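Just so we're clear, the structure is a prediction, and the values are computed from it rather than from any experiment. Just follow the structure's listing: the first ligand is 1, and inside any ligand the first atom is 1.
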Amino acid sequence: MDTQRDQSAAPAAAPATWRVLLRYMRPSWRWLALGGLLNLTTGAVGLTLPLVARRLIDDLGADRPLTGVLLLMGLLVVVTAGVGPLGEWVLRRTGESIVLTARRRLVSHLLRLRVPALDRAEPGDLMSRVTSDTILLRQVTTDSVIGIVTGSLTVLATATLMGLLDPVLLVVTLGVLVLAGTLIRVVMPRVGRMSKDAQKSVGAMGAALERALGALRTIKASGAEHREEAAVHRSAEESWRASVRAGKWLAIAGHTAELALQVAFFVVLSVGGSRVASGAIDVGTLIAFLMYVFFLVPPLQQLIGAAGQYQVGAAAVARITEAERLPAEPVAPAATLPASGAAPAELEFRDVHFRYGPELPPVHHGISFRVPARGMTAFVGPSGAGKTTVFSLIERFYEPASGSILIDGGDIATWDIPRLRAAIGYVEQDAPVLSGSLRDNLLLGAPEATGEEIERVLRVARLDALVARLPEGLDTLVGHRGTRLSGGERQRVAIARALLRRPRLLLLDEATSQLDAVNEAALRDTIAEIARTTTVLVVAHRLSTVTLADRIVVMDAGVVRAVGTHEELVGADPLYAELAATQFLAASAVTA
Ligand SMILES: Nc1ncnc2c1ncn2[C@@H]1O[C@H](COP(=O)(O)OP(=O)(O)OP(=O)(O)O)[C@@H](O)[C@H]1O
């Protein structure tokens with residue numbers, strides 16, 4: 001049972017970045033460990049090379065045979081060549097798995113978002129979190145975390161070996177490096193801030209682009225391409241600006257390390273030279289030590305790169321976590337649709353109060369009405385009266401502030417949401433049709449429907465002639481949001497889709513002017529026919545629909561003014577009489 005009615009519970013504090021990263025990395029920890037180990041092996045093998053080099057110089061000096069040393073060097077080079085790429089591949093694979101996990105989690109969450117959260121979100125921005133931010137997660141979980149671990153270990157091992165060669169030269173080297181490290185610590189938080197700004201702008205760009213592409217015809221008709229283009233460009237430029245600034249700080253950090261090592265090389269050379277002259281160390285030791293100084297370059301660069309990537313990744317993690325914390329409906333298995341011939345539903349609203357947000361005015365001020373099983377009930381009233389909101393509350397897209405909504409005598413707040421929605425067929429006012437084929441659209445809510453059932457609803461919705469005419473029939477692609485269909489066809493597809501679910505309660509938000517007279521009259525008869533076996537609720541905009549209704553609920557400014565038949569209401573309710581005389585009659589005059 002899902003009894004959660006609170007839509008605005010205060011969210012707990014966001015978890016720390018490293019905790020979130022650990023959560024993503026946990027399922028892949030074996031692969032990560034293997035990749036890290038292989039990377040370390042490559043580093044360790046590389047580290048032995050200077051020692052072997054020293055041995056070579058010693059052997060040369062002492063005139064000893066070189067075969068053994070050369071063979072060892074060859075072996076080490078071959079091992080490095082084999083293990084290096086393998087380690088990198090393992091890490092890349094792990095990174096991709098982490099991206100996959102994050103994307104799956106996020107998509108599953110976003111598809112279950114509560115409708116109020118969706119009202120406040122920008123789809124384009126949410127999309128960028130799934131597509132672009134998750135890519136950054138790959139870098140931070142593999143390159144960065146592994147880079148920090150392997151880089152630190154390699155630096156530590158190199159420093160140990162340097163210490164074994166000559167502790168004095170090690171202290172000299174570390175002194176230079178500590179200075180560089182202090183500078184880098186100042187730079188890194190700036191990289192984090194800039195990266196956050198850059199990703200935020202990518203999200204804003206996605207939102208602006210979605211807004212423009214989603215209504216491109218309107219934008220063209222309004223001659224607004226330039227303004228929309230400028231808005232998208234602005235976000236792209238902001239992202240560029242922030243990324244360039246982050247890049248500047250990263251470049252400074254990267255080159256600080258390189259510069260520090262060059263300085264260290266010269267300091268070690270001069271200090272080491274005097275130590276060779278004083279006989280404290282031999283030439284072989286100095287050469288080996290200088291080789292180690294250069295060996296420090298890659299792991300130190302890896303460390304700095306990793307720290308930078310961690311900052312970039314932390315910005316992405318914050319955006320992914322933010323999306324994951326938007327309120328969502330509980331995950332529940334899909335409910336089975338009502339059996340054919342299932343009893344129609346009874347509905348009751350009891351003193352329902354509702355507003356869309358704490359800062360918004362109330363929409364329903366204590367709505368009460370009863371709808372018995374079977375028959376057609378029409379909701380009429382001026383625009384903004386709260387008619388569509390009645391349907392949204394029945395579907396539990398929103399929860400009432402107080403009062404209750406009952407189906408078959410049970411409060412729907414105690415129903416599992418999938419079970420509730422399985423009982424309902426809903427045709428929205430703008431009759432959305434999804435990209436894909438006609439068949440995909442019909443089967444959206446009833447994937448198990450048989451060919452016969454599809455044919456039946458096609459006939460009922462008067463789509464059979466259209467499907468017969470199309471060369472690809474039901475497999476015809478309808479385009480993005482059904483743009484290849486006419487408005488009336490889209491509406492009939494939406495009706496057929498709802499009917500295929502064999503709903504016990506059919507909610508029909510009538511479009512004001514989508515259907516032609518012939519189809520409208522036919523569909524009206526069909527709906528009246530359906531109402532004999534199912535409970536049908538219609539938000540009605542046409543008198544022709546209203547006169548067929550068994551009862552009419554007249555709504556105005558969030559209250560139910562009157563309930564009755566057309567004949568009763570025309571005499572009893574002045575608002576209804578006025579609506580019937582103006583809007584409805586005007587509409588019916590067109591279709592008569
Ligand atoms: N998602 C939403 N967020 C905030 N306010 C909303 C939302 N949806 C609707 N409203 C507001 O709630 C009020 C009632 O809207 P509703 O869609 O229920 O009216 P309606 O009677 O169906 O109107 P129409 O006949 O024009 O379709 C309106 O003032 C509308 O602006």
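- Taking a distance limit of 4.0 Å, we find that atom 9 (C) of ligand 1 is approached by some protein heavy atom.
- Leu106 and Ala323 make their closest contact through CD1-CB, 3.8 Å (heavy atoms, listed as atom of the first residue, atom of the second, distance).
- Proximity of atom 31 (O) of ligand 1 to the protein is not indicated, since no non-hydrogen protein atom lies closer than 4.0 angstrom.
- Which parts of ligand 1 touch Leu360 is read off a 4.0 Å heavy-atom cut-off, strictly below it: atoms 4 (C).
- For atom 26 (O) of ligand 1, the closest non-hydrogen atom of the protein is Ser383 OG, 2.6 Å.
- Every atom of ligand 1 with a heavy atom of His541 under 4.0 Å away is listed here by number and element: 25 (O).
- The shortest contact between atom 25 (O) of ligand 1 and any protein heavy atom is with Lys387 NZ, 2.8 Å.
- Checking Val352, Thr414, Asp411, Asp351 one by one against Ser404, the side-chain contact (heavy atoms from CB on, under 4.5 Å) holds for a single residue, Asp411.
- Partner of Glu395 under the side-chain contact (heavy atoms from CB on, under 4.5 Å) criterion, out of Ile417, Leu505, Ile424, Leu420: Ile424 alone.
- Below 4.0 Å from some heavy atom of Asp119 lie the following atoms of ligand 1, by number and element: 1 (N).
- Relative to atom 23 (O) of ligand 1, the option among Gly386, Gly384, Ala557 with the closest non-hydrogen atom is Gly384.
- Each of the atoms 1 (N) of ligand 1 lies under 4.0 Å from some heavy atom of Tyr398.
- With rounding to the nearest 0.5 angstrom, the OH atom of Tyr426 is 11.0 Å from the CZ atom of Arg421.
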Given Phe349 and Phe354, is the ring-ring contact (aromatic ring centres under 6.0 Å, His included) satisfied, shown in steps?
CA-CA 12 Å; Phe349 267 53; Phe354 173 72; over 10 Å; no
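- Heavy-atom contacts of Thr389 reach the following atoms of ligand 1: 14 (C), 15 (O), 16 (P), 18 (O) (cutoff under 4.0 Å).
- Between atom CG of residue Leu543 and atom CG of residue Leu548 there is a gap of 10.0 Å, rounded to the nearest 0.5 Å.
- The two residues Pro574 and Arg561 come nearest to each other via the heavy atoms CD-NH2, 3.9 Å.
- For ligand 1, none of its N or O atoms has an N or O atom of Gly381 under 3.5 Å away.
- Which parts of ligand 1 touch Thr388 is read off a 4.0 Å heavy-atom cut-off, strictly below it: atoms 17 (O), 18 (O), 20 (P), 22 (O), 27 (O).
- At the shortest separation from atom 5 (N) of ligand 1 among protein heavy atoms lies Tyr356 CD1, 3.3 Å.
- Taking a 6.0 Å sphere around CZ of Arg23, one finds it holds more than 12 heavy atoms contributed by other residues, nucleotides or ligands.
- Interatomic distance, CD1 of Ile98 versus CZ of Arg103, reported as 13.0 Å (0.5 Å rounding).
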